[in-house]
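Presented below is the structure to which this report refers.
Heads up: numbering here begins at 1 and tracks the sequence. Heavy atoms only: backbone and side chains are in, while hydrogens, waters and symmetry mates are out.
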Amino acid sequence: MKVILVILPIISLIFAALNGKMQEMSESIISKSGEAVELVISLCGIMCFWCGIMRVAERAGLTEKLARALSPIVCALFRGLPKRSKAVGLITMNLAANILGLGNASTPLGIAAMRELADLERADECATDNMILLAVLNTASLQIIPATAAALRSANGAENPFDVLPCVWIVSVYAAVIAVVSAKIMGRISRKRGER
């Protein structure tokens with residue numbers, strides 16, 4: 001990723017120089033940098049509001065209730081894990097935090113769940129199927145309230161930033177299902193290759 005972030009500006013500079021657009025590029029850098037700072041400042045208010053709402057939900061026990069509801073699904077998806085293991089608890093809490101839009105809370109839970117899976121499944125060098133599935137589910141990121149998307153829409157002048165909720169729900173469920181199915185299929189294929 002670092003290489004890509006270095007290569008992209010270099011390529012832009014080369015093409016701007018070749019096309020005689022260095023003046024436009026420098027003006028664009030200056031103006032867009034200012035717009036980026038304005039966007040970040042405008043996002044702060046809405047993000048603080050939604051993080052506060054989600055923190056109240058977390059303190060009220062909504063995350064734990066959702067984690068308990070998700071526990072049977074997690075046990076069915078993550079095969080071979082003991083139902084009462086710490087890994088199952090961490091995975092359910094991680095998924096519950098993601099669903100509620102608590103990104104700050106879900107990241108440490110996801111890291112702890114991944115470490116627990118590595119210890120439980122004795123994964124030294126390679127990720128196990130369950131570890132890959134956890135990464136895939138975190139990437140798909142099912143969310144009831146997509147606070148970041150709503151904040152970006154609000155900052156860009158949307159009259160009703162949450163009018164995209166049904167679309168977000170449909171797409172995130174679709175992405176999660178496709179991701180889980182793909183991870184399961186690829187895991188089965190790799191196991192069959194390993195048996196040969």
Side-chain angles (χ1 to χ4, degrees), residues 1-5 8 47 50-51 54 57-58 62-83 85-118 120-121 123 125-154 156 158 160-196:
M1 191 67 180
K2 291 177 188 175
V3 174
I4 292 171
L5 292 175
L8 285 176
M47 289 302 291
W50 281 109
C51 285
M54 294 306 161
E58 185 181 14
L62 188 59
T63 308
E64 289 177 23
K65 288 176 185 172
L66 186 57
R68 266 188 250 122
L70 288 174
S71 186
I73 297 168
V74 168
C75 289
L77 283 176
F78 292 84
R79 303 250 175 199
L81 295 181
K83 289 185 179 181
S85 69
K86 188 177 178 183
V88 170
L90 287 168
I91 291 168
T92 54
M93 289 296 288
N94 170 258
L95 294 177
N98 261 336
I99 287 170
L100 293 174
L102 297 166
N104 295 341
S106 70
T107 301
L109 287 167
I111 293 169
M114 199 64 82
R115 284 188 181 139
E116 195 65 31
L117 283 173
L120 192 65
E121 298 178 333
E125 295 179 13
C126 295
T128 64
D129 289 346
N130 284 333
M131 293 169 76
I132 292 169
L133 183 60
L134 177 61
V136 163
L137 280 173
N138 271 298
T139 305
S141 187
L142 283 168
Q143 286 188 2
I144 294 173
I145 301 172
T148 305
L152 284 169
R153 286 175 48 79
S154 177
N156 286 295
N160 187 359
F162 285 103
D163 63 356
V164 296
L165 280 182
C167 295
V168 169
W169 294 335
I170 292 167
V171 169
S172 64
V173 168
Y174 177 75
V177 169
I178 295 297
V180 168
V181 169
S182 299
K184 292 287 187 182
I185 290 170
M186 296 306 287
R188 190 169 289 170
I189 290 170
S190 69
R191 276 194 304 276
K192 283 184 180 178
R193 283 187 182 169
E195 290 170 2
R196 291 180 186 168

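The CD1 atom of I132 sits 9.0 Å away from atom CE of M114, with the distance rounded to the nearest 0.5 Å. We find the CZ-CG distance between R115 and L120 to be 15.5 Å, quoted to the nearest 0.5 Å. To the nearest 0.5 Å, the span separating CD1 on I91 from CG on N130 amounts to 6.5 Å. With rounding to the nearest 0.5 Å, the separation of CG in L90 from CG in L95 is 11.0 Å. The distance from the CD1 atom of I185 to the OG atom of S190 is 12.0 Å, given to the nearest 0.5 Å. To the nearest 0.5 Å, atom CG of residue D129 and atom CG of residue L117 are 11.0 Å apart.
Between L81 and C75, every side-chain heavy-atom pair lies at or beyond the 4.5 Å cut-off.
Nearest approach of F78 to L134, heavy atoms of both residues: CE2-N, 3.7 Å. Between N94 and N138, the closest heavy-atom pair is OD1-OD1, 2.9 Å.
Sparse packing is recorded around NZ of K86, with 12 or fewer heavy atoms of other residues, nucleotides or ligands lying under 6.0 Å away.
The residues D163 and R153 are annotated as salt-bridged, a charged nitrogen and a carboxylate oxygen being separated by less than 4.0 angstrom.
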Give the C-alpha distance, both sets of side-chain angles, the deciding distance and a yes or no for side chain to side chain contact (heavy atoms under 4.5 Å, CB included) between F162 and N160. CA-CA 6 Å; F162 285 103; N160 187 359; 4.2 Å; yes
